[in-house]
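This report refers to the structure that appears directly beneath it.
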Amino acid sequence: QVQPVESGGGLVQPGGSLRLSCAASGSTFAGYAVAWFRQAPGREREFVAAFRWSGGGTTYYSDSVKGRFSMSRDRPNSAVHLQMNRLTPEDTAVYYCATGRPIISTITTMGGYNTWGQGTQVTVSS
């Protein structure tokens with residue numbers, strides 16, 4: 001079973017950029033969907049973005065990050081990346097990578113994923 005491992009979090013100023021990575025441990029991400037969720041203090045965990053390998057590959061984004069964040073993958077299917085641009089303090093959260101085999105209706109929900117990483121902190125502050 002593939003285990004996602006996040007890296008790349010840190011402190012960045014508003015308007016800056018950061019790139020998160022999620023590496024596949026134990027296997028590859030081929031055949032799975034990989035998603036990013038985030039959780040800010042006092043708030044519920046929310047969907048950020050997802051990539052689904054089936055059907056040639058489809059990427060999904062939440063409205064709050066569309067146009068600022070983008071997902072990419074390594075061709076060996078061993079890692080995915082989340083490029084985050086034009087960051088704001090509202091993007092401050094712990095970012096989690098998750099993997100699973102969700103159906104279309106659950107690809108933006110936590111229930112669609114059964115394996116989670118430990119999370120990486122992203123702080124946007126001046």
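Residues: numbered from 1 along the sequence shown.
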Atom pair CZ (Arg101) and CG (Asn114), whose distance is rounded to the nearest 0.5 Å:
8.5 Å

Taking the side chain as C-beta and beyond, is there a heavy-atom pair between Thr92 and Arg38 under 4.5 Å?
no

Tightest non-hydrogen contact, residues Val34 and Cys97, listed as CG1-SG, 3.5 Å

Establish, from distance only, whether the side-chain atoms of Ser62 and Glu46 form a donor-acceptor pair under 3.5 Å.
no

Is the shortest heavy-atom distance from the side chain of Pro14 to the side chain of Val124 under 4.5 Å?
yes

Side chain to side chain, Val80 and Trp36, heavy atoms closer than 4.5 Å:
yes

Any non-hydrogen side-chain atom of Tyr96 less than 4.5 Å from a side-chain atom of Thr120?
no

Compare every heavy atom of Ala30 with every heavy atom of Asn77, then report the nearest pair and how far apart it is.
ND2-CB, 3.7 Å

Give the ring-plane orientation class for Phe69 versus Tyr95, where under 30° counts as parallel, over 60° as perpendicular and anything between as tilted.
tilted

Please tell me whether Trp116 and Tyr32 are part of a single hydrophobic cluster in this structure, the criterion being side-chain heavy atoms less than 4.5 Å apart.
no

Would you say Ser125 and Leu11 make side-chain contact, with heavy atoms under 4.5 Å?
yes

Between Val5 and Val48, is there shared hydrophobic-cluster membership here, with clusters defined by ILVMFWY side-chain heavy atoms closer than 4.5 Å?
no

Can you tell me how far apart CD1 (Ile103) and CZ (Arg52) are? Round to the nearest 0.5 Å.
9.0 Å

Do you know the tightest heavy-atom contact between Val2 and Ala24?
CG2-CB, 3.5 Å

Does Thr99 use its side chain to pair, donor to acceptor, with the backbone of Ala33 at less than 3.5 Å?
yes

Same apolar cluster: Tyr61 and Met84, side chain cutoff 4.5 Å
yes

To the nearest 0.5 Å, what is the distance between CG (Asn85) and CG (Leu18)?
10.0 Å

Nearest heavy-atom approach of Leu87 to Arg68 is CA-NH1, 3.9 Å

Transitively linked via ILVMFWY side-chain contacts under 4.5 Å: Leu82 with Phe37?
no

Is it the case that one hydrophobic cluster holds both Ile107 and Met71, taking links as side-chain heavy atoms less than 4.5 Å apart, direct or via other members?
no

So do Phe29 and Arg73 actually touch side chain to side chain, heavy atoms under 4.5 Å?
no

Would you mind reporting whether Phe47 and Tyr60 have side-chain heavy atoms less than 4.5 Å apart?
yes

With distance as the sole test, does Glu6 use its side chain to make a donor-acceptor pair with the main-chain N or O of Gln118 at under 3.5 Å?
yes

NE2 on His81 to CZ on Arg19, rounded to 0.5 Å:
4.5 Å

